[in-house]
Amino acid sequence: MTSTTRSTAPMVRVEGVHKFFGDLHVLKGIDLEIANGEVCVILGPSGSGKSTLLRCLNQLEEISAGRVHVDGELLGYREDERGRLHDLPDKEIARQRSRIGMVFQRFNLFPHKTALENVTEAPVHVLGLPKDEARRRAHDLLDRVGLADRADHYPAELSGGQQQRVAIARALAMDPEIMLFDEPTSALDPELVGEVLSVMQDLARSGMTMAVVTHEIGFAREVADHVVFMDDGVIVEAGSPTDVIDHPQQDRTRDFFSKVLS
């Protein structure tokens with residue numbers, strides 16, 4: 001999607017977000033905006049806080065301080081006229097979370113359900129979609145990820161790449177406003193990585209807003225609108241793929257890419 005067709009307001013706005021796990025300070029004041037229709041790729045070493053940031057965007061982790069807005073809506077809280085925050089009830093948090101698709105390292109498919117059943121489960125039980133309509137949409141989504149002929153297969157009958165593509169279809173079935181990917185290819189054999197990245201590239205071309213934590217530098221170069229490099233709970237550097245990957249300004253960024261690209 002071209003910049004002329006995107007909304008001027010960011011789809012995601014992260015302001016001063018901190019996250020503690022006990023005494024461990026994992027996110028240290030993150031500020032980040034992702035425009036509507038943009039692909040943001042988050043790179044960095046293990047333990048830098050990348051996955052924790054994604055989990056905060058989907059409210060799988062509760063932030064310790066700061067604010068997160070998705071499409072202008074404050075996540076997890078209601079702000080009163082004095083600027084004080086009040087926790088939202090679980091039902092409201094579930095509604096907000098349903099707008100955000102997430103694909104994990106592990107596929108987390110129901111082993112006793114077919115690919116089609118895995119994709120129809122949430123639309124029927126969470127969105128209240130009629131079963132026939134959910135099945136039609138599931139067939140369309142499995143076709144979109146190249147698995148139309150695997151609809152009646154169980155996860156154990158699918159390769160890792162195929163299972164991850166079912167997981168992507170399952171997330172898309174909720175018609176999300178943004179898709180989050182947490183190292184979606186890290187659990188795959190190398191020869192299966194390409195088929196998953198191809199589906200993600202197709203989503204990017206369709207204008208889906210995406211935040212992607214990955215080690216796939218080639219994907220970041222080709223697909224990202226902007227790249228964020230994180231280390232030790234902070235954003236060290238952000239910009240275009242060319243700026244951050246090829247011409248980094250910070251010593252820590254240069255050191256990271258000198259090792260992963262050597």
Side-chain angles (χ1 to χ4, degrees), residues 1-17 19 26-45 48-61 63 66-73 75 99-105 168 171-172 176-186 196-197 199-231 233-250 253 256-257 260:
M1 182 179 286
T2 62
S3 59
T4 57
T5 61
R6 292 177 180 155
S7 167
T8 54
M11 176 60 75
V12 176
R13 187 167 78 250
V14 178
E15 300 174 296
V17 165
K19 176 61 183 176
V26 178
L27 298 178
K28 304 173 181 177
I30 299 294
D31 295 305
L32 176 66
E33 289 190 354
I34 304 174
N36 185 30
E38 186 174 63
V39 179
C40 174
V41 174
I42 305 169
L43 304 173
S48 59
K50 309 183 301 295
S51 293
T52 299
L53 175 59
L54 278 200
R55 291 175 65 85
C56 288
L57 294 182
N58 202 31
Q59 301 190 74
L60 295 176
E61 298 290 352
I63 64 176
R67 286 171 168 79
V68 177
H69 291 82
V70 171
D71 198 19
E73 183 178 10
L75 296 189
R99 301 163 56 203
I100 303 170
M102 188 156 184
V103 178
F104 301 88
Q105 298 177 39
I168 293 172
L172 291 172
E177 297 176 50
I178 178 173
M179 286 283 285
L180 310 178
F181 294 85
D182 186 10
E183 300 191 21
T185 61
S186 64
V196 173
L197 293 181
V199 170
M200 294 170 64
Q201 289 170 326
D202 175 68
L203 285 178
R205 285 191 293 267
S206 75
M208 173 64 72
T209 307
M210 298 164 60
V212 184
V213 169
T214 184
H215 295 291
E216 300 291 338
I217 306 300
F219 176 85
R221 285 187 198 276
E222 184 175 347
V223 180
D225 293 290
H226 81 268
V227 171
V228 170
F229 175 73
M230 288 184 65
D231 187 40
V234 301
I235 294 177
V236 177
E237 196 159 349
S240 71
T242 299
D243 290 340
V244 176
I245 299 172
D246 298 324
H247 305 291
Q249 300 301 304
Q250 302 300 317
T253 318
F256 176 81
F257 286 113
V260 301

Please evaluate residues Arg55 and Phe104 with respect to the criterion side-chain contact (heavy atoms from CB on, under 4.5 Å), reporting the C-alpha separation (whole Å), side-chain torsions for both, the decisive distance (0.1 Å), and the verdict. CA-CA 10 Å; Arg55 291 175 65 85; Phe104 301 88; 4.1 Å; yes
Can you check side-chain contact (heavy atoms from CB on, under 4.5 Å) on Val70 and Ile100, steps first, answer last? CA-CA 9 Å; Val70 171; Ile100 303 170; 4.1 Å; yes
Looking at [Y], is its backbone amide N or carbonyl O close enough to the side chain of [X] to form a donor-acceptor pair, meaning the two atoms are under 3.5 Å apart?
X: Lys50; Y: Gly44; value: yes
X: Asn36; Y: Pro10; value: no
X: Asp225; Y: Glu38; value: no
X: Glu216; Y: Thr185; value: no
X: Ser48; Y: Asp231; value: no
X: Glu33; Y: Arg13; value: no

Are any non-hydrogen side-chain atoms of [X] and [Y] less than 4.5 angstrom apart?
X: Ile168; Y: Phe181; answer: yes
X: Lys19; Y: Lys28; answer: no
X: Thr209; Y: Met11; answer: yes
X: Leu53; Y: Leu32; answer: yes
X: Pro248; Y: Phe229; answer: no
X: Met230; Y: Val236; answer: no
X: Met200; Y: Val196; answer: yes
X: Val12; Y: Ile178; answer: yes

Shortest non-hydrogen contact from [X] toward [Y]:
X: Pro176; Y: Ala171; result: CD-O, 3.5 Å
X: Pro241; Y: Ala224; result: CG-O, 3.4 Å
X: Val228; Y: Ala238; result: CG2-CB, 4.2 Å
X: Gln105; Y: Glu183; result: CG-O, 3.4 Å
X: Ala204; Y: Val223; result: CB-CG1, 3.5 Å

Just verifying a value: how many Å separate [X] [atom1] and [Y] [atom2], rounded to the nearest 0.5 Å?
X: Leu43; Y: Phe219; atom1: CG; atom2: CZ; result: 10.5 Å
X: Arg99; Y: Asn58; atom1: CZ; atom2: CG; result: 11.5 Å
X: His226; Y: Ile34; atom1: NE2; atom2: CD1; result: 6.0 Å
X: Ile42; Y: Cys40; atom1: CD1; atom2: SG; result: 5.0 Å
X: Thr214; Y: Asp182; atom1: OG1; atom2: CG; result: 10.0 Å
X: Thr52; Y: Leu54; atom1: OG1; atom2: CG; result: 9.0 Å

Using the rule given for side-chain contact (heavy atoms from CB on, under 4.5 Å), can you reason through Leu27 versus Cys56, listing the C-alpha separation, both sets of side-chain angles and the distance that settles it, and then say yes or no? CA-CA 10 Å; Leu27 298 178; Cys56 288; 4.0 Å; yes
Counting only heavy atoms from other residues, nucleotides and ligands, does the tally under 6.0 Å from CD of Glu73 exceed 12? yes
Can Val39 and Leu203 be said to form a side-chain contact (heavy atoms from CB on, under 4.5 Å), step by step? CA-CA 10 Å; Val39 179; Leu203 285 178; over 6 Å; no
Distance-only side-chain donor-acceptor flag, Glu237 / Thr253, under 3.5 Å: yes
In plain terms, say whether Arg67 and Glu15 are close enough for a salt bridge, that is, a side-chain N and a carboxylate O under 4.0 Å apart. no
